[in-house]
Asks: 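Okay, here's the structure, questions in a sec.
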Amino acid sequence: MDAENSNDFRATFACHFFFTVNNKVDILLGLQWGDEGKGKLVDVLTPRYDIIARFQGGPNAGHTLEFEGTKHVLHTIPSGIFHTHVTNLVGNGVVIDPVVFAKELDALKAKNVPVRERLLISRKAHVIIPTHRLLDRASEASKGEAKIGSTLKGIGPSYMDKTGRNGLRIGDVMASDFKSRYEALKQKHLHLLKGFESYFTLDRAELDAMEVEFMAGVEEIRALTIVDSEHFINQALKAGKKILAEGAQGSMLDIDFGTYPFVTSSNTVAAGACTGLGIAPNKVGEVIGIFKAYTTRVGSGPFPTELNDEVGENMRKVGNEFGSTTGRARRCGWIDMPAMRYACMINGVTQLIMMKADVLSQFDTIQVCTHYRTGEGMVEDLPFDIDAQKVSPVYESLPGWNVDLTGMRKSQDLPAALNDYIVYLEKALEIPITVVSVGPDRSQTILRSKEHAAVAQ
Ligand code: GDP
Ligand code: IMO
Ligand code: MG
């Protein structure tokens, strides 16, 4: 399949002035609680780049792309994989489950994507083994009501082994004594699992079956091209290659800056691209922050603007807000500006991309949470103990547009009320919104012309 030449829109996009790609690494990342539409936009932007690199997270991610009537969901493989000219790199900051990875490879091969030719894996990326997944389950079971709502993909336990200096890396998978290293780590995990006995019963037959799948996945990984990715990426930069780092999850799920402890176990923010790829901070170019025109969250944890009513239900229905990885219903609510301001600050966002504007077309009024009301009065920022404190959103109302946007392709066509909403957000965040997405398909993407932007570009 050559998806690349099939769409004139994308050729237009590729020569547009907004993305001033240089030999720095641009970063595209989510500003909310994940699922902002990163996969779609990375695919749309890929014609501008030579390398697409994932820098953190793992199979907890589900990145959806749609083109030519087909939907694709990627978990660990970067979202540039459908383009003929691009190298896709899985960086050292990523945790790889060979089982999920092998399934992704098979699904792509079935679609005739020559994935092996386009894919490189870092020797230093960590490996998720079956007992990491069991530990994830046991840990969640032990938390009861306070569970994180993890995807149960083994993310927390594998990053714990990384920072605890027990982990196995892709380089170890290539070693001749890999099986004995694996066995040693598994024994440690079995010992840890005993501590969870009142919450979790180990099913040996299940573990045996998981191991068979795991070892088969390991064989598939061994056949891929494994590289010293930090050298690869820095040499590519020197050679003038254009690189886009693709984030997973979102800033509010960041291990340091998210709504801890209801977060994931990696740095999802821009700094994570430096450690997760081995690029120096002075090599970072554009930081592209992507957000939904409203907010969603999947799993537990604070969500000040959550709507447990018909409005939230409509957002879920029209936005098809069900998890790409677990199928769970996503919680929905209005846009949360304290969280957005915070995410823009932490990431140094230089341009914004607004997704799913079409989902809001059904509402007469759009609400924007500008502040929170807390026991101590009105605050502009997320409180430290946001989980324990009862914070309620303070809203400003803006008129809705009630127009179907899904067929629109030019910023001049956007209804005035939507443009007002966009300009409102640009002014509040002091960052230009350069792209507006009006549907899941790659073609349903609108570049905002300079004359419509409130903030200089
Ligand atoms: P990611 O994890 O950030 O890549 O996002 P997901 O793929 O998990 O979730 C985004 C969902 O919204 C996917 O089902 C996309 O196909 C869909 N999507 C992306 N952009 C738009 C849009 O502008 N409008 C609508 N209606 N759906 C979109
Ligand atoms: P993408 O890349 C949305 C959430 C989980 C849970 C918490 C911790 O598709 O945006 P973990 O499995 O990491 O231990 O889960 O983080 N979560 C995501 N939510 N999108 C994701 O990825 C997510 N990855 C993890 O639901 O609340
Ligand atoms: Mg997702």
Side-chain angles (χ1 to χ4, degrees), residues 28-44 54 56-67 70-76 78-79 94-95 97 128 132-133 135-137 139-140 147-160 246-255 258-266 268 290-303 315 317-331 353-362 404-406 408 435-446:
L28 182 143
L29 47 76
L31 297 177
Q32 298 160 316
W33 279 277
D35 301 329
E36 295 88 353
K38 299 174 290 292
K40 168 181 165 166
L41 247 292
V42 169
D43 171 61
V44 166
R54 272 280 302 270
Q56 45 69 234
N60 49 350
H63 294 182
T64 315
L65 294 73
E66 253 183 76
F67 54 87
T70 310
K71 183 169 155 174
H72 311 270
V73 181
L74 299 167
H75 300 286
T76 323
S79 302
V94 175
V95 285
D97 182 339
I128 300 175
H132 281 134
R133 279 153 65 198
L135 279 166
D136 218 353
R137 266 194 238 166
S139 163
E140 282 285 78
K147 70 174 185 187
I148 308 290
S150 163
T151 60
L152 303 179
K153 300 292 177 188
I155 303 296
S158 59
Y159 277 116
M160 275 166 73
E246 173 181 0
Q249 290 78 56
S251 303
M252 301 315 296
L253 289 171
D254 180 87
I255 184 71
T259 44
Y260 193 88
F262 299 98
V263 293
T264 191
S265 297
S266 64
T268 61
I290 180 164
F291 68 100
K292 277 179 191 165
Y294 50 101
T295 311
T296 64
R297 171 164 207 170
V298 60
S300 334
F303 181 0
M315 283 180 183
K317 217 183 321 159
V318 177
N320 192 24
E321 295 295 358
F322 296 90
S324 318
T325 297
T326 59
R328 290 178 292 176
R330 295 177 184 145
R331 301 155 65 194
I353 293 183
M354 185 165 103
M355 307 299 289
K356 300 191 107 164
D358 54 300
V359 177
L360 294 188
S361 295
Q362 56 176 318
D404 179 9
L405 308 173
T406 55
M408 295 184 182
V435 178
V436 178
S437 174
V438 293
D441 192 85
R442 135 195 308 173
S443 65
Q444 293 173 300
T445 312
I446 297 180

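In listed order, ligands and their atoms are each counted from 1.
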Asks: Going by the closest heavy atom to atom 11 (P) of ligand 2, which one wins out of Pro261, Gly301, Ser150, Ser158?
Replies: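 Looking at heavy atoms only, Ser150 sits closest to atom 11 (P) of ligand 2.
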Asks: Geometry only, no angles: is Asp35 polar-contacting ligand 2 at N/O separations under 3.5 Å?
Replies: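 Asp35 vs ligand 2: N/O contact under 3.5 Å present.
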Asks: State the atoms of ligand 2, each with its element, that fall below the 4.0 Å cut-off from a heavy-atom position in Arg328.
Replies: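 Counting atoms of ligand 2 from 1, those under 4.0 Å from Arg328 are 5 (C), 26 (O).
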Asks: Just which atoms of ligand 1 are under 4.0 Å from any heavy atom in His63?
Replies: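 Those atoms are 1 (P), 2 (O), 4 (O), 7 (O).
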Asks: Could you tell me whether the Mg ion (ligand 3) has an N, O or S atom of Gly323 under 2.8 Å away?
Replies: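 Of the N, O and S atoms in Gly323, none lies under 2.8 Å from the Mg ion (ligand 3), which means no.
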Asks: Heavy-atom distance to atom 18 (C) of ligand 2: which of Ile290, Leu253, Thr296, Asn60 wins?
Replies: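 Considering heavy atoms of Ile290, Leu253, Thr296, Asn60, the nearest to atom 18 (C) of ligand 2 sits in Leu253.
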Asks: Could you work out, for atom 6 (C) of ligand 2, the closest of Ala61, Gly299, Gly149 by heavy-atom distance?
Replies: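 Looking at heavy atoms only, the winner is Gly149.
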Asks: Any atoms of ligand 1 less than 4.0 Å from a non-hydrogen atom of Met355? List them with their elements.
Replies: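 Those of ligand 1 that fall under 4.0 Å from Met355 are 20 (N).
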Asks: Using a strict cut-off of 4.0 Å, indicate which atoms of ligand 1 neighbour a heavy atom of Ser324.
Replies: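 Heavy-atom distances to Ser324 below 4.0 Å select 6 (P), 7 (O), 8 (O).
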Asks: For ligand 2, is there an N or O atom under 3.5 Å from any N or O atom of Gln249?
Replies: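 Between Gln249 and ligand 2 (N or O atoms, distance only) the closest approach is under 3.5 Å.
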Asks: Could you please spell out the steps behind the side chain to side chain donor-acceptor pair (under 3.5 Å) verdict for Gln444 and Glu66?
Replies: CA-CA 10 Å; Gln444 293 173 300; Glu66 253 183 76; over 6 Å; no
Asks: Hey, is Gly62 one of the residues with a heavy atom under 4.0 angstrom from ligand 1?
Replies: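 Distance cut 4.0 Å: Gly62 passes for ligand 1.
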Asks: Give the residue and atom name of whichever protein heavy atom lies nearest to atom 7 (O) of ligand 1, and the separation in Å to one decimal.
Replies: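 Ranking protein heavy atoms by distance from atom 7 (O) of ligand 1, first comes Thr64 OG1, 2.5 Å.
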Asks: Indicate, as side chain, backbone, both or neither, the part of Asp35 found under 4.0 angstrom from ligand 1 when only non-hydrogen atoms are considered.
Replies: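 Looking at Asp35 and ligand 1, atoms from backbone and side chain both fall under 4.0 Å.
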Asks: For Ser437, take its heavy atoms, then give the atoms of ligand 1 lying under 4.0 Å from any of them.
Replies: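 Numbered from 1, ligand 1 contributes 20 (N), 21 (C), 22 (C), 23 (O).
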Asks: Please identify which atoms of ligand 1 are closer than 4.0 Å to at least one heavy atom of Lys40.
Replies: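 Those atoms are 20 (N).
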Asks: Considering heavy atoms of the protein only, find what lies nearest to atom 12 (O) of ligand 1 and give residue, atom and distance to 0.1 Å.
Replies: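 For this ligand atom, the closest protein heavy atom is Lys356 NZ, 2.9 Å.
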Asks: How does His72 reach ligand 1, if at all, at less than 4.0 Å between non-hydrogen atoms: by side chain, backbone, both, or neither?
Replies: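 The answer is neither.
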Asks: Heavy-atom contacts under 4.0 Å between Lys38 and ligand 2: side chain, backbone, both, or neither?
Replies: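 Near ligand 2, Lys38 shows its side chain, while the N, CA, C and O stay back.
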Asks: I need the atoms of ligand 1 closer than 4.0 Å to a non-hydrogen atom of Gly39, numbered in the order shown.
Replies: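 Taking each heavy atom of Gly39 in turn, ligand 1 has 4 (O) under 4.0 Å.
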Asks: Any N or O on Ser300 sitting closer than 3.5 Å to an N or O of ligand 2?
Replies: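 No, there is no polar N/O contact under 3.5 Å.
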Asks: N/O of Val263 under 3.5 Å from N/O of ligand 2, yes or no?
Replies: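 Min N/O separation from ligand 2 is not below 3.5 Å for Val263.
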